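One structure is given below, encoded as structure tokens.
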Amino acid sequence: MSERPAHEIVIASNEAEVQQCYKIRIDVFAHEQGFPIETEIDHLDPIATHFLMRLTPSLTPIGVIRGSKSNETGYYKLSRLAVLKDYRQFKFGRELVEAFHEWVRVDAQKSGQVDGSVKVVCHSQIPVKGFYAKFGYIPEGKEFDEEGDPHQKMVLELPLQ
Ligand SMILES: CC(C)(COP(=O)(O)OP(=O)(O)OC[C@H]1O[C@@H](n2cnc3c(N)ncnc32)[C@H](O)[C@@H]1OP(=O)(O)O)[C@@H](O)C(=O)NCCC(=O)NCCS
């Protein structure tokens, strides 16, 4: 494996950075994996927090993850995690998930919850269930179809302390 490139994770804070997040998702989910391009940008995008991983100092985008919170259930949702193919196996996926978890903790604490845990949900593609399991996500219910491909709901009780 080559050396782990220097990088940073930022929360997209302007339209140009949000568009860079969308571009990575389209490259990975539509072009690489064959998911429909029409539904890649969905109803959560306008209300979600978009995390962008980029190389430093070039600021070339290489990875994304999206965080949102359901007003109905109060659960947090992890979605649209992707690292460009050339940059996998450097633990960048792990780092993105950890940045998202830290955001969840801070957001929950801002909302007044100081201890215990909060529920985080994700819809995992079947080949990456083992990736989420490494963080403690547990399968819940049966596999279901999402965008023409089988997925598994995975749930984590994320401790706030
Ligand atoms: C899933 C993805 C984000 C993982 O990113 P990555 O940077 O390659 O993964 P990391 O190097 O951070 O891996 C972290 C750990 O998970 C493991 N892992 C990685 N992919 C895995 C998989 N598919 N199944 C099980 N474990 C996996 C690694 O071996 C590593 O284990 P370790 O920490 O015990 O050594 C990346 O493969 C990707 O973008 N895939 C295409 C898009 C995708 O499928 N997204 C998920 C949609 S639900």
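First listed ligand is number 1; within each ligand, the first listed atom is number 1. Worth saying up front: this structure is predicted, and the values here are computed from it rather than measured.
Rounding to the nearest 0.5 Å places CZ of Arg105 at 7.5 Å from NE2 of His101. Taken from NE2 in His151 to NE2 in His123, the straight-line distance is 8.5 Å, to the nearest 0.5 Å. Rounded to the nearest 0.5 angstrom, Leu78 CG and Phe51 CZ are separated by 9.5 Å. In this structure, OH on Tyr22 lies 5.0 Å from CD1 on Ile41, to the nearest 0.5 angstrom. Note that the CZ atom of Arg80 and the SG atom of Cys21 stand 12.5 Å from one another [nearest 0.5 Å]. Residue Glu40 holds its CD atom at 10.0 Å from NE2 of His31, rounded to the nearest 0.5 Å.
Using bins of under 30°, 30° to 60° and over 60° for the plane-to-plane angle, the ring pair Phe90/Phe92 lands in the tilted bin.
Residue-ligand proximity, Gln125 to ligand 1, at heavy-atom distances under 4.0 Å covers atoms 44 (O), 47 (C), 48 (S). Every atom of ligand 1 is numbered from 1 in the order shown, and the set under 4.0 Å from a heavy atom of Gly93 is 5 (O), 6 (P), 7 (O), 12 (O). Listed by number with element, the atoms of ligand 1 under 4.0 angstrom from any heavy atom of Val28 are 41 (C), 42 (C). Residue Gly130 approaches ligand 1 through these ligand atoms, each under 4.0 Å from one of its heavy atoms: 25 (C), 26 (N). In summary, the atoms of ligand 1 found under 4.0 Å from a heavy atom of His123, numbered by their order in the structure, are 48 (S). Here is the list of ligand 1 atoms found below 4.0 Å of a heavy atom in Gln33: 41 (C), 42 (C), 43 (C), 44 (O). Each of the following atoms of ligand 1 lies closer than 4.0 Å to a heavy atom of Ala82: 39 (O).
Looking at ligand 1, you'll find an N or O of Lys91 within less than 3.5 Å of one of its N or O atoms. Residue-to-ligand polar distances place Val83 within reach of ligand 1: an N/O pair is separated by less than 3.5 Å. Taking distance alone, with nitrogen or oxygen atoms compared against 3.5 Å, Lys134 approaches ligand 1 more closely than that limit. Annotation: Arg94 places an N or O atom under 3.5 Å from an N or O atom of ligand 1; distance criterion only.
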Could you go through the side chain to side chain donor-acceptor pair (under 3.5 Å) check for Thr60 and Arg54 one step at a time? CA-CA 5 Å; Thr60 306; Arg54 54 196 187 187; over 6 Å; no
Go through Glu15 and Gln19 one step at a time and tell me if the side chain to side chain donor-acceptor pair (under 3.5 Å) criterion holds. CA-CA 6 Å; Glu15 187 53 29; Gln19 290 300 328; 2.6 Å; yes
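Only the side chain of Tyr132 comes within 4.0 Å of ligand 1, judged by heavy-atom distances.
The closest side-chain donor-acceptor pair between Gln152 and Glu140, if any, does not fall under 3.5 angstrom. Side-chain contact check for His50 and Gln20: no donor-acceptor pair (N or O, by modelled atom type) lies under 3.5 Å.
Residues Val18 and Ile26 fall into different hydrophobic clusters, defined by Ile, Leu, Val, Met, Phe, Trp and Tyr side chains chained together at heavy-atom separations under 4.5 Å.
Nearest protein heavy-atom contact of atom 45 (N) of ligand 1 is Leu81 O, 2.8 Å. Among protein heavy atoms, atom 8 (O) of ligand 1 sits closest to Gln89 N, 3.1 Å. Distance from atom 22 (C) of ligand 1 to its nearest protein heavy atom, with residue and atom name: Pro127 O, 3.7 Å. From the protein, the heavy atom lying nearest to atom 37 (O) of ligand 1 is Arg88 CD, 3.3 Å.
For atom 2 (C) of ligand 1, no protein heavy-atom neighbour is found at a distance under 4.0 Å.
In this structure, Glu32 does not count as a contact residue of ligand 1, since none of its heavy atoms falls inside 4.0 Å of the ligand.
The residue among Phe92, Phe131, Tyr87 with a heavy atom at the shortest distance from atom 16 (O) of ligand 1 is Phe131.
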